Amino acid sequence: MPRALITGTTGQDGRYLAQLLVAKGYDVFGMVSGQANPKIQMVQEETPELEFIEGDLQDLSSLISVVELVQPDEVYNLGAISFVALSFRQPELTADITGLGVLRMLEAIRVIGGAQDNSIRFYQASSSEMFGKVRATPQTEKTPFHPRSPYGVAKVFGHYTTVNYREAYGLHASSGMLFNHESPRRGLEFVTRKITNGIARIKLGLQDKLVLGNLEASRDWGFAGDYVEAMWRMLQQDEPDDYVIATGETHTIREFLSLAFEAAGFDDWKPYVGSDPRFERPAEVDVLIGDATKARERLGWEPKVDFPGLVRMMVEADIVAEEARDNHWWSVSRARARSSPTTSACCGRSTSTSGPAPTWRSGCTRVRRSRSRRPGRAASASTRRPRCVARSDPTRPSCGRRATKPSPETRCRACSRGGRSSSPSSTVCISSSARCGTSSPSSGTARRRPPSSSTTATRATR
Ligand code: GDR
């Protein structure tokens, strides 16, 4: 069984590539850095066969260990700071990971696989951002580079380092100059996904507007699922080489907006789109369009998903995902409310929640209702803790504390001791089903808890 190592496994491309390689019968290892990558669990559920291994593109010794342990036949270096806008804010980090990271991985391969007859094949994720202020249109493998961002500069370094290791050590090292490639798995910071996710939220009433930067930029957008196939094909060639991977079409962000809003059933996108110079870049790449003739002829590769198909796919996926998230949110809050027949209190007076459309009952008038998330929806006894509002009401003394969260506990939460209050002056029992016997104030005047008190019922959060 061939073995593949992927860096950047939890990114969009890494996820598609891992699935492709597993389907092709590979043992796939995904390198992850850091202690608690929040995406690992999701990727693991998506591709259970994938094995994670710790390593960091900033740390050569970790890469040597990873390559030694995995003994890969193929290494796909997709790890990078890949958000161009971020590279302007963190240029050194970008140079280190996106640029020097390539050198480190190639060194690890050279050290473990040997400087002669090294059998480990290497794929470098190069980028159309290397062409930047383009010198020719469309861009081919021969078009000179003119990067316009620290990201682009770092990718040029990575690209030429790959070429150099190929020429100097005879490594089977190939570079894919991939033009923009998108999917429903694209990060929300990139313009296509920001648009499709924003549209879904606008459609569901969760957001009013989409705020973007430069709408005149033009990109050659393809589907990421198609592009990972090209990566794999490069490493199956007898000889390593560099390839442009692109659709050969370019579209402005305005065109993307128009198609995407249309796919969601809107007639006109302009009322929903605002602009903010914060999303503009110090130096912009205006127009990119790639010529993938070489890939088509030598790799037999061509894109399957066209531009309208890609836009539709992303919009539809985002609408489904946002709907599911929204429904989940509401069902969780309802379930919580149902399973908590009692116990939300402030200043010693309890409120209760029940029924399918929970609201704070007015047992305690000093408990503020949770704010409804959307106009027209009932206030929900859900995730937000209601706060005692008496502070803002000069006629009432305030405890100033947050009320306790609704909870199914039957134990007295005021005293936390088998349902009895530790001191009559400390607070009152707030549980309806297990009152501790401490006399609750019968009037609407709440007792003020001494500042030193630290019972679980009213942890102060001023
Ligand atoms: P890009 O992708 O920089 O081309 O790099 P991105 O989607 O970030 O930007 C595309 C174009 O859209 C303009 N734009 C905005 N971009 C973002 N992110 N957010 C906005 O609000 C916005 N408004 C306008 C940008 O200025 C730009 O012109 C991507 C990355 O995946 C790289 O890692 C990869 O190498 C290249 O594609 C190929």
Side-chain angles (χ1 to χ4, degrees), residues 7-8 11-16 77-90 94 97-99 101-102 124-134 139 143 145 147-159 175-183 185-199 207 209-224 226-228 230-231 243-247 250-257 260 269 272-290 292 303 310-311 314:
T7 71
Q12 167 190 255
D13 295 3
R15 288 164 61 192
Y16 280 114
N77 186 41
L78 314 183
I81 298 283
S82 62
F83 186 33
V84 175
L86 179 68
S87 78
F88 285 103
R89 297 192 289 275
Q90 300 196 317
T94 304
I97 297 175
T98 308
V102 186
Q124 167 57 16
S126 288
S127 163
S128 54
E129 284 294 299
M130 301 189 303
F131 298 117
K133 195 174 167 79
V134 297
Q139 295 82 53
T143 304
F145 298 142
R148 297 271 283 170
S149 63
Y151 169 84
V153 173
K155 281 290 181 186
V156 170
F157 176 85
H159 175 79
S175 173
M177 301 179 212
L178 269 53
F179 283 61
N180 295 54
H181 43 289
E182 320 292 311
S183 75
R185 295 179 183 175
R186 190 59 145 148
L188 289 167
E189 66 274 35
F190 298 97
V191 75
T192 53
R193 184 75 201 293
K194 183 175 170 181
I195 292 172
T196 59
N197 178 261
I199 290 173
Q207 184 175 319
K209 252 191 153 45
L210 189 54
V211 182
L212 300 171
N214 173 22
L215 303 188
E216 308 310 326
S218 199
R219 291 288 185 275
D220 181 333
W221 278 298
F223 171 52
D226 289 344
Y227 284 38
V228 297
M231 299 175 187
Y243 296 91
V244 160
I245 302 297
T247 67
T250 192
H251 299 275
T252 61
I253 291 163
R254 281 178 190 279
E255 286 177 81
F256 193 101
L257 280 165
W269 57 271
Y272 302 101
V273 177
S275 86
D276 189 328
R278 266 189 316 135
F279 297 113
E280 289 171 13
R281 295 168 186 181
E284 178 64 288
V285 172
D286 297 321
V287 185
L288 289 174
I289 176 166
L310 173 68
V311 175
M314 292 178 70

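Bear in mind the structure is a predicted one, so any value in this text is a computation, not a measurement. Atoms within each ligand, like the ligands themselves, are counted from 1 in listed order.
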Between [X] and [Y], do the side chains contain an N or O donor and an N or O acceptor separated by less than 3.5 Å?
X	Y	result
T94	S87	no
S183	Q12	yes
T252	S218	no

For the student: nearest non-hydrogen atoms of F179 and I289, plus distance: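 Residues F179 and I289, closest heavy atoms: CE2-C, 3.5 Å.
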
L288 versus G132, closest heavy-atom pair with distance: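 Here L288 and G132 meet closest at CD2-O, 4.4 Å.
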
Hey, does [X] come in under 3.5 Å of ligand 1, counting only N/O atoms on both sides?
X	result
G213	yes
F83	no
E189	yes
T192	no

Report the nearest protein non-hydrogen atom to [atom]: residue, atom name, distance rounded to 0.1 Å.
atom	result
atom 38 (C) of ligand 1	S128 OG, 3.3 Å
atom 26 (O) of ligand 1	E284 OE2, 2.6 Å
atom 2 (O) of ligand 1	N180 ND2, 3.6 Å
atom 35 (O) of ligand 1	Y151 OH, 2.5 Å
atom 36 (C) of ligand 1	S127 OG, 3.9 Å
atom 10 (C) of ligand 1	V191 CG1, 3.7 Å
atom 31 (O) of ligand 1	R186 NH2, 2.7 Å
atom 33 (O) of ligand 1	S82 O, 2.6 Å

Heavy-atom nearest option to atom 12 (O) of ligand 1, drawn from V211, L86, I253: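 Ranked by closest heavy atom to atom 12 (O) of ligand 1, first place is I253.
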
Closest candidate by heavy atom, reference atom 3 (O) of ligand 1, pool Q12, R281, E129, K155: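 Among Q12, R281, E129, K155, the closest heavy atom to atom 3 (O) of ligand 1 belongs to R281.
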
Proximal ligand 1 atoms for [X], defined as those under 4.0 Å from one of its heavy atoms:
X	answer
L178	38 (C)
V84	3 (O), 5 (O)
N214	13 (C), 14 (N), 23 (N), 24 (C)

NZ/NE/NH1/NH2 to OD/OE distance under 4.0 Å, R219 and E284: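 Yes, R219 and E284 are salt-bridged.
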
K133, NZ: over 12 other non-hydrogen atoms inside 6.0 angstrom: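 Open.
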
Pi-cation contact, F190 with R193 (under 6.0 Å, within 45°):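 Here R193 fails the 6.0 Å and 45° test against F190.
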
Side-chain donor or acceptor of [X] paired with backbone N/O of [Y] under 3.5 Å:
X	Y	value
K194	V211	yes
D220	G290	yes
K209	G198	no

Parallel, tilted or perpendicular: rings of F223 and Y16 (30°, 60°):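 Rings of Y16 and F223: perpendicular, as their planes differ by over 60°.
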
Any A85 heavy atom less than 4.0 Å from ligand 1: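 Heavy atoms of A85 never come under 4.0 Å of ligand 1.
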
Side chain, backbone, both or neither: the part of K194 lying under 4.0 Å from ligand 1 by heavy atom: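 Under 4.0 Å from ligand 1, K194 contributes side-chain atoms alone.
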
Side chain, backbone, both or neither: A217 near ligand 1, heavy atoms under 4.0 Å: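 For A217, only side-chain atoms sit under 4.0 Å from ligand 1.
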
